[in-house]
Amino acid sequence: MDFKKEAIKVLKKALPKQKDYFIEIPKDSKLGDVSSTIAFVLAKKKKKNPADIASEIVKKLKIEGTCFSGVTSAGPYINFYFDRDAISNKIINELLKNKLIKKEKPKRVLVEFFHPNTHKGVHIGHTRNAVIGEAISRILEEAGINVIRATYGGDIGPHVAKCLWGYMNLGLKPEGDKGEWLGAVYALASKKINNEFLKKQVEKINKRLYERDVSLMPIWERTREWSINHIKKVLKLLNIKMNAFLWESHVEKDGLKIARQLLKKGVLKESDGAIIADLTKHNLGILVVVSKEGLPLYPAKDLGLVKLEFNKFKVTKIIHVVGVEQQFYFKQLFKIFELAGWKEWAKNSIHVAYELVDLKSGKMSSRTGEVVLFTDLYEKMLDLAKIEMQKRNPEVSIKTREKIAHKITISAIKYGMLSQSLSKKILFDYRDWLSFEGDTGLYIQYSYVRARKILQKIKSPMRQKIIIERPVEYELIKKMNEFQSVFKEAYEKLDPSVIAHYAYRLAFLFNKFYEECPVIGSEYEGSRLKIIKAYLNVMGKVLHLLGLKPMKRI
RNA sequence: GGGCCCGUGGCGUAGUCUGGAUAGCGCGACUGGCUUCUAACCAGUAGGUCGGGGGUUCGAAUCCCUCCGGGCCCGCCA
C-alpha cells in the first residue's frame, strides 16, 4: 500500500496542474500519516502566507470515498489522516497474502564474494565480505533472479610461496585446524624473510609454482587442501552455500594468454619488459598486467576469470563484492574490457565496494599476524552465549543449548557485519562484539521468537477485523507496510544494510507492542493475533534476506 | 600531483542520494518495571556548535563552494 500515491490522488483533484505535490511521511503520526508541503511552493508564487494557502487547499480537498478519514492544515503543512482501523485491515490483509515482493523476469547473475586466499587465515574482514555477499545474493533471489554464488581466491603467487618456504624451512609441526595453522606459518615466514637472500628463495618458489614444478606439487596440493577445508568449514558455520570455488591457479594460464592477445591487438603494451595497460588517456593511470618475469599479475588472472565466469556460468551480470580499496583497480579493469571490445562484459560487471574491518590498533595484516580470525571471534562469542543460556535456561539440555548458542552467535556476527553502512569502516572491538544486548542480531531474533511463542499458545480463530487500541499497534503496522519500499531500495542499491536498519526498527516496534499489548486472553486477541501473523511473515522475510535462520526459541 | 570515502552527545551509529514540522537509536551512567504471552526486554533522566566557514533556499545534518581532521587507492602484492 503506497500512502503517497493515495494522497496525490486527492490533491490532484483539487490542484490538477501541479507537477509535484511535495509529499512526505511525517516522522510523528500525530502530524498525519501523509503530508504535503506544497503550500510553501504556491505561497512563493502567489506571494501569500503559506499557512493561508494550506488552509485554502484543505477546504478544496474531498476525501469522501478515499481511504483518508481526515485532512487538516497545521500551519503550512497539509496533513492527511487515515481511518486507522480500516487502513490497518487493508495492510494486514496484504501482508498475510505473503506476496511481498514482485518478481522480476528470471536472469542469471553471478555474485562473487568472500575471496579468502589459501595459505592465510580467514579473518573477520573476510567475514564482513562473506556476510554482505550472501545477503546480496538473497536479495537478488528474492527479486526472482537466479544467483550463482562464487568465491575467487588466491591459491598461487607470492603469499603462497612465502608460506611454503616457512613450511619447508621452519620445522614447524601442524596442529589443530591445519588450514588455520598455515595462516600462522605464513605470518611467521613473513617475519623471518627479511633479507635479499631469503627473498630470492621465495621468488624462486613462486616461479616454480607457476611452472608447476613436479617436486613442489605434492606439497602445494596438500597444503592448499588444508586451507580449502578450513575455508569450507567457515562457510558451513556461516550457513553459506557456494556454487563455485574459483582459484587463481584455474585462470592464470588463460589470463596470461588473453593478456598476450591483447598485447598483439594493441590494447595492452610493453613497458620495461612488462605488459601494461596505459589508461592515462582515460584518467585511470597505468596498470601492470604481466610482470617483467612474465608472470601473470592480478589483472591478468582477472582477464581469465571474467571469461570463465561469463562463458561457463552463462550469466548476464557479475557482481564483485570487494573492498573499497580496490575501487580504482576495478575501474581500470572494466575499462580494459571496454577497450578489448567486450562491451557487454564491461557494462555488466559491477563492483560493490564496502569499507574494511580495522582493529583499534590499525589495519589487519595477515602478514604480521595482526588479525582477528573468524574462528577466534566465533568461539569467544559462542562461549559467552553458552554461559548466558546456562544462566537463563538451565532446564534446557546441553545439546539444545549449544545449538541455540550457535544460532545466537552467528546471528550476532552477521547482523553486526550488516548493520553498518557499506561506506563505513568497522572498528572492531571485542567488548562491543561480546554483548548480546541492544542493537544486535539477537534483538531481532528475540522479537521473532516472542511473536512465535504467542502464536503457539493461541487456539482461538483469527478475528476478521483489526482494531487499533494502542498507538504502537498502528506504528507497527505502518512499519510493516514499509517493507516493500525498503526491499526495493536495498535491491536497487545492492545494499543489505538498508534491510538491517529496517529490521531493527521493526523489532523495536514489535518489542514495544509486546510490552504494551497483552494478546492471550485480551479482548483484542483476534486482532492482535493477526498482527503477529503478519509480523512473522515480514520479519521472517527480513531475517532470511539478512542470511539469518529464524529461531524457534532462545 | 590525481581520485574515492569518513567526520552527528563520552564511545558507536541512523538519517545525507530524494531539503520540510522538536536530529532518531545502541553502548556506557542514573531511575523505575518480572506471582502477568521468556526482563538478552520495556519505560524514563542526564548528555548534541550534526568538523569549521561561506553560499543557495520560505526552510539545510541533507544541495553547492571552501577550509580543517582522519582513512584508502594510483607500475611489477591481491
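Below, read A as the first sequence line, B as the second, and so on, with proteins coming before strands; counting in each chain starts at 1.
- The partner of B/rU31 is B/rA43, judged by Watson-Crick or G-U wobble contacts that both fall below 3.5 Å.
- For A/Q327, the listed nucleotide lying nearest its side chain is B/rC4; candidates were B/rA78, B/rC42, B/rC4.
- Ranked by how close their nearest RNA chain B nucleotide is to the 5' end, A/H501 and A/S435 are led by A/H501.
- A sub-4.0 Å separation between OP1 or OP2 of B/rC37 and a side-chain N or O of A/S522 is absent.
- The aromatic rings of A/Y152 and A/Y298 lie parallel to each other, with less than 30° between the two planes, well short of the 60° mark.
- Atom CG in A/D28 sits about 12 Å away from atom P in B/rA23, given to the nearest Å.
- In this structure, A/Y443 has its ring center no closer than 6.0 Å to that of A/Y446.
- For B/rG2 and B/rG9, the C1' atoms lie 37 Å apart once the distance is rounded to whole Å.
- Atom C1' of B/rC50 sits at a distance of 11 Å from the matching atom of B/rA60, rounded to the whole Å.
- A/K512 has its NZ atom 15 Å from the C1' atom of B/rG33, to the nearest Å.
- Between A/G285 and A/R553, the one whose closest nucleotide on RNA chain B sits nearer the 5' end is A/R553.
- Between A/H159 and A/Y186, the angle of the ring planes goes over 60°, which puts this pair in the perpendicular group of the 30/60° scheme.
- Checking B/rU13, B/rC41, B/rC25 against the side-chain heavy atoms of A/E515 singles out B/rC41 as nearest.
- For B/rG48, there is no paired nucleotide, since no Watson-Crick or G-U wobble pair has both relevant distances below 3.5 Å.
- Heavy-atom minimum distance, A/M551 versus A/S411: SD-OG, 4.5 Å.
- Atom CG of A/L209 and atom P of B/rA78 are 12 Å apart (whole Å).
- An aromatic stack links A/Y77 and the base of B/rA21, using centre distance under 5.5 Å and interplanar angle under 30°.
- Rounded to the nearest Å, the gap between the C1' atom of B/rC58 and that of B/rG71 is 39 Å.
- Other residues, nucleotides and ligands contribute at most 12 non-hydrogen atoms within 6.0 Å of the NZ atom of A/K281.
- Across all strands shown, B/rG26 pairs with B/rC11; the Watson-Crick or G-U wobble distances both stay below 3.5 Å.
- Computed from coordinates, the A/K479 NZ to B/rG15 P distance equals 12 Å when rounded to whole Å.
- Between the P atom of B/rG70 and the CD atom of A/E325 lies a distance of 21 Å, rounded to the nearest Å.
- Side-chain N/O atoms of A/K424 include one lying less than 4.0 angstrom from OP1 or OP2 on B/rA14.
- A distance of about 26 Å separates the P atoms of B/rU56 and B/rC4, rounded to the whole Å.
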